Asks: 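Dropping the structure in here first, questions after.
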Amino acid sequence: SQPISFLCSLVLFNMALLHHALGLQHESASSLENAEQLYERCVLIAGVGKANAHSDKAEFTVACARNNMAQIALEYGNVKVARQYLKQLGTICRCHSFANCNVSQKNEWISILSNVLLEDGLNTARAA
């Protein structure tokens, strides 16, 4: 069973994703702001990086939230903030331990690294 904080972070992520999609579809700044706030709450509640961090699933959820937050920052033309979010995303992915992962899990993380993270330029995947 999953800890309640992780399950709450998933609910917040899904709410954020809905606002994100609406914001993009209707060019609504208020929906994008709501999405950004919900993604941030999702990250805080997931607890990644804390002593009580739960699982790879929590790390993956935070990575997706950071990616989407970077995408929102780009929608506003704020490249500096987008780079900060992507840097945090990169840290999550690079710190991830592959020691206990099966081949499928390793491939999933490698896909995130190769498709989302920036090298010399700036790259974000559309809302995860």
Side-chain angles (χ1 to χ4, degrees):
S1 86
Q2 297 293 330
I4 192 73
S5 60
F6 172 66
L7 297 175
C8 289
S9 72
L10 287 180
V11 170
L12 289 169
F13 181 85
N14 284 313
M15 290 171 57
L17 198 57
L18 176 63
H19 282 276
H20 195 161
L22 288 171
L24 293 174
Q25 184 179 17
H26 300 291
E27 298 180 3
S28 169
S30 64
S31 289
L32 290 175
E33 289 169 12
N34 288 339
E36 190 172 24
Q37 291 172 3
L38 288 164
Y39 285 132
E40 189 60 46
R41 288 180 186 147
C42 165
V43 168
L44 292 172
I45 290 175
V48 172
K50 297 180 184 176
N52 66 345
H54 314 303
S55 67
D56 291 342
K57 292 176 185 173
E59 287 181 357
F60 187 76
T61 302
V62 169
C64 290
R66 288 295 186 211
N67 173 74
N68 293 356
M69 292 167 77
Q71 199 267 328
I72 290 172
L74 287 178
E75 289 291 324
Y76 287 124
N78 196 338
V79 174
K80 184 177 180 179
V81 171
R83 284 187 187 275
Q84 290 172 344
Y85 287 139
L86 288 174
K87 194 178 225 182
Q88 293 169 6
L89 170 60
T91 300
I92 292 167
C93 292
R94 283 188 289 277
C95 291
H96 180 75
S97 170
F98 288 118
N100 298 321
C101 291
N102 62 37
V103 173
S104 174
Q105 290 169 319
K106 286 180 185 178
N107 289 340
E108 186 174 45
W109 278 97
I110 290 167
S111 176
I112 291 172
L113 288 170
S114 63
N115 290 319
V116 176
L117 297 181
L118 68 154
E119 296 293 328
D120 289 330
L122 185 63
N123 180 32
T124 61
R126 287 303 239 181

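What you see is a predicted model, and the numbers here were worked out from it, not measured in a lab. Residue numbers start at 1 and run along the sequence shown.
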Asks: Hey, any chance Val11 and Leu38 share a hydrophobic cluster, counting ILVMFWY side chains that come within less than 4.5 Å of each other, even indirectly?
Replies: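 Per the 4.5 Å side-chain linkage, Val11 and Leu38 are co-clustered.
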Asks: For Ile45 versus Cys8, what's the shortest heavy-atom pair and its separation?
Replies: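 The pair with the smallest heavy-atom distance is CG2-CB, 4.1 Å.
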Asks: Looking at Val43, Leu12, Leu10, which hits side chain to side chain contact (heavy atoms under 4.5 Å, CB included) with Thr61?
Replies: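 When Val43, Leu12, Leu10 are each tested with Thr61, the side chain to side chain contact (heavy atoms under 4.5 Å, CB included) holds only for Leu10.
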Asks: Between Met69 and Gln88, is there a side-chain heavy-atom distance shorter than 4.5 Å?
Replies: no
Asks: Are His19 and Leu32 side-chain neighbours, meaning at least one heavy-atom pair lies under 4.5 Å?
Replies: no
Asks: Identify the heavy atoms of Ala35 and Ala16 that sit nearest to each other, and give their distance.
Replies: CB-O, 3.4 Å
Asks: Using modelled atom types and a 3.5 Å cut-off, is there a donor and acceptor pairing between side-chain atoms of Tyr76 and backbone atoms of Ala29?
Replies: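 Yes, Tyr76 side chain to Ala29 backbone: donor-acceptor pair under 3.5 Å.
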Asks: Kindly compute the distance separating CZ (Arg83) from CG (Leu74), expressed to the nearest 0.5 Å.
Replies: 9.5 Å
Asks: Working to the nearest 0.5 angstrom, can you tell me the gap between Glu36 CD and Glu75 CD?
Replies: 11.5 Å
Asks: Of all heavy-atom pairs between Cys42 and Phe13, which one has the smallest distance, and what is that distance?
Replies: SG-CB, 3.8 Å
Asks: Return the set of residues passing salt bridge (Lys or Arg N to Asp or Glu O under 4.0 Å) with Glu40 (not counting sequence neighbours), or none when no residue passes.
Replies: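 Testing Glu40 for salt bridge (Lys or Arg N to Asp or Glu O under 4.0 Å), a comparison that skips the adjacent residues, returns Arg66.
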Asks: Would you kindly confirm whether Leu22 and Tyr39 end up in one hydrophobic cluster when ILVMFWY residues are joined by side chain heavy atoms under 4.5 Å apart?
Replies: no
Asks: Ignoring hydrogens, what is the shortest heavy-atom contact between Tyr85 and Ala70? Give both atom names and the distance.
Replies: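 Smallest interatomic distance, heavy atoms only, reads CD1-N, 3.7 Å.
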Asks: Verify whether one side chain among Gln37 and Glu33 offers a donor that lies under 3.5 Å from an acceptor in the other.
Replies: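 Absent: no donor and acceptor within the cut-off.
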